[in-house]
Amino acid sequence: MPVHRPGAARARRLAVAGTLLASLSLLLATPSSAGTAPARGSAYMGIGVLAHDGRGSGTSHDLSAAQTEGVDVAKYQGNVDWPTLWNSGVRWAYTKATEGTYYTNPFFAQQYNGSYNVGMIRGAYHFATPDTTTGAAQANYFVDHGGGWSRDGKTLPGVLDIEWDPYGDACYGKSASAMVSWIGDFLNAYRARTGRDAVIYTATSWWTQCTGDYGGFGAVNPLWIARYAAAPGTLPAGWGVQTMWQYTSTGPTVGDHDRFNGALDRVQALANG
């Protein structure tokens, strides 16, 4: 008759439990090892530029025409040192206000009001998630949470940040025609609420891939092009020139630096509408 030792039975149970826990841990770890998506709400202007377009060669920028330095900021920059940026020559700024219909930037007040208080012309941007809700719903959410406009000479029109989906498929699971329709829905709703045509921030490669290089917005919506290189490069269809250019993610103080295509009076003209 076999002898069953209590200690041996307990050891077997612990071994089985350990195997199950190890298997569960492996399953939970697999997405991380494959590269998990960032948390919802953490996206920011240019989040996909380096991964998809890289950084171009050369460090000098074409200053043959007057350009005005600006910055864009989001939650990850926290409380921004606006006096330092002003003293370095930055004269305009955009702050992330919203994403989808589920996120507002907790640092928005310090960033949006702080830039204004040091004398900058400032505006707000919305990170689009076309796979979550309609363009109109997101435009209204944006306006309701800091994305509005007033003719005070210090407020720039809102920006639609439309670029690679950091949480999934690059084009948010939409066909080119469906993406164009979504963007149009957002732009129409924003104009209805504010009386202004929103700026479109994008990268040429994303625009080509996800809208089929649609050229129908260039006549009325200013372009903010993303390209970390010595020149803006080829622009999306419909635009002959960019209004703004995000040229680096490694600039002083906040990282993301931009150039407005014109002197300060042109920035003021865009603010005044």
Side-chain angles (χ1 to χ4, degrees), residues 28-55 70-82 85 93-115 122-135 137-147 158-174 179 182-183 186 198-203 205-207 209-210 224 226-228 244 246-258:
L28 291 174
T30 299
S32 178
S33 62
T36 54
R40 283 278 177 182
S42 63
Y44 54 88
M45 188 174 277
I47 189 171
V49 173
L50 284 176
H52 293 271
D53 283 352
R55 196 183 302 279
V71 295
D72 57 272
V73 296
K75 175 187 175 182
Y76 78 95
Q77 280 109 338
N79 290 321
V80 174
D81 185 352
W82 292 112
L85 285 168
Y94 269 96
T95 296
K96 180 182 178 182
T98 51
E99 177 178 318
T101 51
Y102 51 79
Y103 172 85
T104 58
N105 176 8
F107 289 92
F108 181 76
Q110 192 277 341
Q111 295 174 347
Y112 188 75
N113 296 329
S115 56
R122 50 75 165 113
Y125 78 85
H126 173 80
F127 192 94
T129 57
D131 58 335
T132 60
T133 46
T134 67
Q138 293 193 31
N140 284 312
Y141 186 80
F142 177 42
V143 174
D144 291 341
H145 296 88
V159 172
L160 171 64
D161 177 359
I162 184 78
E163 57 178 296
W164 299 274
D165 182 1
Y167 312 117
D169 174 72
C171 300
Y172 302 85
K174 291 190 176 296
M179 182 62 75
W182 190 97
I183 293 170
F186 181 100
V199 176
I200 295 176
Y201 168 96
T202 194
S205 61
W206 182 90
W207 192 262
Q209 176 187 357
C210 297
W224 189 347
R227 187 167 186 261
Y228 302 160
M244 291 169 275
Q246 187 189 52
Y247 68 90
T248 186
S249 61
T250 58
T253 308
V254 295
D256 292 345
H257 275 247
D258 312 271

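Please read all numbers here as calculations on a predicted model, not as lab measurements.
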Distance (rounded to the nearest 0.5 Å) between [X] [atom1] and [Y] [atom2]:
X	Y	atom1	atom2	result
Tyr201	Trp206	OH	CH2	12.0 Å
Tyr94	Asp256	OH	CG	15.0 Å
Met45	Ile162	CE	CD1	11.5 Å
Asp161	Ile200	CG	CD1	11.5 Å
Tyr112	Ser115	OH	OG	8.0 Å
Thr95	Asn105	OG1	CG	7.5 Å

Using the test side chain to side chain donor-acceptor pair (under 3.5 Å), find all partners of Glu163 that sit at least two apart in sequence or belong to another chain.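 Once residues adjacent in sequence are excluded, Glu163 has no partner under the side chain to side chain donor-acceptor pair (under 3.5 Å) criterion.
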Partner residues of Ser249 under the side chain to side chain donor-acceptor pair (under 3.5 Å) criterion, sequence neighbours left out: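 By the side chain to side chain donor-acceptor pair (under 3.5 Å) rule, Ser249 matches no residue at all.
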Only one of Thr132, Thr98, Thr101 clears side-chain hydrogen bond (donor to acceptor under 3.5 Å, both in side chains) with Gln138; which?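 For Gln138, the side-chain hydrogen bond (donor to acceptor under 3.5 Å, both in side chains) test succeeds with only one of Thr132, Thr98, Thr101, which is Thr132.
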Closest approach of [X] to [Y] (non-hydrogen atoms, all atoms of both residues):
X	Y	answer
Gln209	Trp164	OE1-NE1, 4.1 Å
Gly41	Tyr102	N-CE1, 4.0 Å
Pro38	Pro166	CD-O, 3.1 Å
Pro252	Leu85	O-CD2, 4.0 Å
Asn79	Phe107	OD1-CD2, 3.5 Å
Ala137	Thr134	N-OG1, 3.0 Å

Does any part of the side chain of [Y], heavy atoms only, come nearer than 4.5 Å to the side chain of [X], both counted from C-beta?
X	Y	answer
Lys174	Asp131	no
Trp82	Val254	no
Ser42	Tyr167	yes

Among Lys96, Met244, Gln246, Gln111, find the one that has a side-chain contact (heavy atoms from CB on, under 4.5 Å) with Asp72.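 So, applying the side-chain contact (heavy atoms from CB on, under 4.5 Å) to Asp72 and each of Lys96, Met244, Gln246, Gln111, only Gln246 qualifies.
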Under 6.0 Å between ring centres: does that hold for Tyr76 and Tyr44?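 Tyr76 vs Tyr44: aromatic centres under 6.0 Å.
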Taking the ring centre of each residue, are Trp224 and Tyr125 less than 6.0 Å apart?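 Ring centroids of Trp224 and Tyr125 are no less than 6.0 Å from each other.
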Is there a donor-acceptor pair closer than 3.5 Å between any side-chain N or O of [X] and the backbone N or O of [Y]?
X	Y	answer
Gln77	Ala74	yes
Asp165	Tyr172	no
Asn113	Ala109	yes
Tyr141	Tyr103	yes
Glu99	Arg40	no

Suppose we screen for salt bridge (charged side-chain N to carboxylate O under 4.0 Å, His left out). Which residues come up paired with Asp144, at least two apart in sequence or across chains?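 Checked Asp144 against salt bridge (charged side-chain N to carboxylate O under 4.0 Å, His left out); matches are Arg193.
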Go through Phe186 and His126 one step at a time and tell me if the ring pair (Phe, Tyr, Trp, His ring centres under 6.0 Å) criterion holds. CA-CA 11 Å; Phe186 181 100; His126 173 80; 5.5 Å; yes
